[in-house]
*Asks:* 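What follows is a structure written as structure tokens; I'll ask about it next.
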Amino acid sequence: MAYTLPPLPYAYNALEPYISEEIMTLHHDKHHRAYVNGLNAAEASLAGAQDIKDKIRLQAALKFNGGGHINHSLFWKNLTPANSPASKLGPCPLKEAIERDFGSLDALISEMNSTTAAIRGSGWGWLGCNTHTKKLEVVTTPNQDPLLTHVVIIGIDIWEHAYYIDYKNVRPDYLKAIWNIINFEEANNRYVAA
């Protein structure tokens with residue numbers, strides 16, 4: 001079964017002024033589509049692989065493209081227009097957990113932004129729920145590696161293709177701006193499900 005590019009849950013310009021229509025179009029239609037195409041090609045090659053060495057060689061392509069597809073599919077749902085009710089963290093179980101584990105939303109944002117900004121090269125910053133301790137934790141993954149150690153609550157793409165047109169090489173400005181369009185309703189649903 002072939003993987004497909006999921007549609008965005010909003011218009012390409014819906015996240016402006018924080019993320020431009022140009023970035024959203026390139027990010028979704030070009031970058032995410034490339035991960036989907038790469039994943040389908042890697043799976044087709046894996047199905048035709050005749051020996052274990054060939055199957056092992058394909059693992060890197062599966063991880064990179066599969067992770068890119070998983071991460072971006074979460075990322076699109078993770079965002080919402082700034083004027084939507086979902087962009088505000090109101091009373092909910094997630095807010096209670098953030099206050100319990102970080103003290104405040106501002107403290108979480110500060111920790112997540114500093115941790116994510118420190119990623120060398122490309123990767124992802126995550127707010128994840130540790131399934132053993134039931135606590136929220138800030139973690140990072142390199143490249144397109146998906147978060148496998150925690151349940152994803154919020155993910156922030158820190159690859160330059162996610163922000164360079166709008167923010168150039170000033171990653172902290174992008175990280176500050178993205179909190180205006182985080183979909184806290186989706187994040188709360190993920191937390192409750194976890």
Side-chain angles (χ1 to χ4, degrees), residues 4-29 31-33 35 67-117 123-131 134-141 146-147 150-159 161-163 165-167 171-194:
T4 59
L5 181 68
L8 287 178
Y10 35 74
Y12 287 99
N13 65 355
L15 304 179
E16 292 183 343
Y18 303 105
I19 298 180
S20 68
E21 179 176 2
E22 183 179 11
I23 281 185
M24 289 304 294
T25 302
L26 288 169
H27 197 173
H28 180 262
D29 290 357
H31 290 278
H32 190 172
R33 185 179 309 280
Y35 299 124
H69 179 49
I70 289 168
N71 293 348
H72 285 87
S73 295
L74 288 165
F75 186 62
W76 309 134
K77 293 178 186 175
N78 191 88
L79 303 175
T80 190
N83 59 355
S84 74
S87 69
K88 310 294 182 260
L89 180 62
C92 63
L94 176 61
K95 183 176 183 182
E96 293 170 10
I98 288 171
E99 290 172 349
R100 177 195 70 215
D101 296 337
F102 296 94
S104 68
L105 178 59
D106 287 342
L108 162 65
I109 291 171
S110 178
E111 181 175 333
M112 192 151 172
N113 285 3
S114 63
T115 302
T116 303
W124 290 76
W126 306 100
L127 176 63
C129 181
N130 183 317
T131 56
K134 306 297 183 204
K135 291 189 178 250
L136 296 174
E137 298 173 354
V138 173
V139 291
T140 62
T141 56
L147 183 62
H150 296 67
V151 174
V152 172
I153 307 302
I154 295 172
I156 298 177
D157 187 347
I158 206 67
W159 281 68
H161 67 236
Y163 63 88
I165 292 171
D166 293 338
Y167 297 96
R171 189 182 278 184
D173 287 354
Y174 161 70
L175 290 169
K176 181 179 176 186
I178 201 165
W179 289 97
N180 292 289
I181 52 174
I182 291 294
N183 187 335
F184 286 106
E185 185 177 297
E186 174 72 14
N188 183 62
N189 291 340
R190 291 178 188 169
Y191 176 70
V192 170

*Asks:* Can you tell me if E185 has over 12 outside heavy atoms packed within less than 6.0 Å of its CD?
*Replies:*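 No, because the 6.0 Å sphere around CD of E185 holds 12 heavy atoms or fewer from other groups.
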*Asks:* Rounded at 0.5 Å granularity, tell me how far CD in E21 sits from CD1 in I165.
*Replies:*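 Going from the CD atom of E21 to the CD1 atom of I165 covers 11.5 Å.
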*Asks:* Do the side chains of I109 and F102 get nearer than 4.5 Å, heavy atoms only?
*Replies:*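 No, their side chains stay 4.5 Å or more apart.
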*Asks:* Measure across V151 and A194 and return the closest heavy-atom pair with its distance rounded to 0.1 Å.
*Replies:*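 For V151 versus A194, the nearest heavy atoms are CG1-CB, 3.7 Å.
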*Asks:* Do any N or O atoms from the side chain of K88 and from the backbone of A82 form a donor-acceptor pair under 3.5 angstrom?
*Replies:*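 Checking the backbone N and O of A82 against the side chain of K88, a donor-acceptor pair under 3.5 Å is found.
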*Asks:* If you measure from CG on N78 to CD1 on I178, what distance do you get to the nearest 0.5 Å?
*Replies:*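 Separation between the atoms: 7.0 Å.
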*Asks:* At their closest point, which heavy atom of V192 faces which heavy atom of P93, and how far apart are they?
*Replies:*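 Shortest heavy-atom separation between V192 and P93 comes out as CG2-CG, 3.9 Å.
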*Asks:* H72 and side chain to side chain donor-acceptor pair (under 3.5 Å): which single residue from H31, R33, H27, K77 fits?
*Replies:*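 With H72 as partner, side chain to side chain donor-acceptor pair (under 3.5 Å) holds for just one option, H27.
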*Asks:* Taking all non-hydrogen atoms of both residues, which atom of S87 and which atom of S84 are closest, and how far apart?
*Replies:*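 Between these two residues, the closest heavy atoms are OG-O, 2.8 Å.
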*Asks:* Given side-chain hydrogen bond (donor to acceptor under 3.5 Å, both in side chains), test Y163 with D173 step by step and report yes or no.
*Replies:* CA-CA 9 Å; Y163 63 88; D173 287 354; over 6 Å; no
*Asks:* Is there a donor-acceptor pair under 3.5 Å between the side chain of S110 and the backbone N or O of D106?
*Replies:*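 It does not hold such a pair.
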*Asks:* Is there side-chain contact between I70 and L147, with at least one heavy-atom pair below 4.5 Å?
*Replies:*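 Answer no - side chains too far apart.
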*Asks:* Just do the side-chain contact (heavy atoms from CB on, under 4.5 Å) check on M24 and Y10 with the steps written out, would you?
*Replies:* CA-CA 11 Å; M24 289 304 294; Y10 35 74; 3.8 Å; yes
*Asks:* Counting C-beta onward and ignoring hydrogens, is there a side-chain heavy-atom pair between I23 and S20 closer than 4.5 Å?
*Replies:*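 They are in side-chain contact.
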*Asks:* Do L5 and H28 touch side chain to side chain, with heavy atoms closer than 4.5 Å?
*Replies:*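 In short, these two side chains touch, coming nearer than 4.5 Å.
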*Asks:* Would a 4.5 Å heavy-atom cut-off, applied to side chains only, mark I98 and L89 as touching?
*Replies:*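 When only atoms from C-beta onward are counted, L89 and I98 do touch, with a gap below 4.5 Å.
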*Asks:* Taking the side chain as every heavy atom from C-beta outward, state whether D157 and W124 have any pair of such atoms under 4.5 Å apart.
*Replies:*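 Side-chain contact under 4.5 Å: yes.
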*Asks:* Which atom names give the shortest non-hydrogen contact between Y174 and I19, and what distance separates them?
*Replies:*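 Heavy-atom minimum between the residues: CE1-CD1, 4.4 Å.
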*Asks:* Between T140 and W126, does any side-chain donor sit less than 3.5 Å from a side-chain acceptor?
*Replies:*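 No.
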*Asks:* Just verifying a value: how many Å separate L94 CG and N189 CG, rounded to the nearest 0.5 Å?
*Replies:*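 Between L94 CG and N189 CG, I get 10.0 Å after rounding to 0.5 Å.
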*Asks:* Go through the steps for K95 and F184 under the test side-chain contact (heavy atoms from CB on, under 4.5 Å), then give the verdict.
*Replies:* CA-CA 9 Å; K95 183 176 183 182; F184 286 106; over 6 Å; no
*Asks:* How about W179 and Y18: are their ring centroids closer than 6.0 Å?
*Replies:*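 Ring centroids of W179 and Y18 are no less than 6.0 Å from each other.
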*Asks:* State, with a plain yes or no, whether a side-chain heavy atom of H161 is found less than 4.5 Å away from one of L26.
*Replies:*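 A side-chain contact is absent here, since even the closest heavy-atom pair is not under 4.5 Å.
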*Asks:* Strictly distance-based, threshold 3.5 Å: is any side-chain N or O of S73 a donor or acceptor partner for the main-chain N or O of H69?
*Replies:*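 Yes, the answer is positive, given that a donor and an acceptor are paired below the 3.5 Å cut-off.
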*Asks:* When rounded to the nearest 0.5 angstrom, what is the spacing between OG1 in T116 and CD1 in I158?
*Replies:*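 Reported value, rounded in 0.5 Å steps: 6.0 Å.
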*Asks:* Over all heavy atoms of both residues, which pair between P81 and L15 is shortest? Give the atoms and the distance, please.
*Replies:*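 Closest approach of P81 to L15: N-CD2, 3.7 Å.
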*Asks:* Compare all side-chain heavy atoms of M112 with those of I154 and state whether any distance is below 4.5 angstrom.
*Replies:*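 With C-beta onward as the side chain, the pair touches.
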*Asks:* Working to the nearest 0.5 Å, report the span between NZ of K135 and NE2 of H150.
*Replies:*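 K135 NZ to H150 NE2: 12.0 Å, rounded to 0.5 Å.
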*Asks:* If you measure from CZ on R190 to CG on N183, what distance do you get to the nearest 0.5 Å?
*Replies:*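 Separation between the atoms: 8.0 Å.
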*Asks:* Can we say R100 and E96 salt-bridge, meaning some charged N sits less than 4.0 Å from an Asp/Glu carboxylate O?
*Replies:*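 Here R100 does not pair with E96 in a salt bridge, since their nearest N and O are not under 4.0 Å apart.
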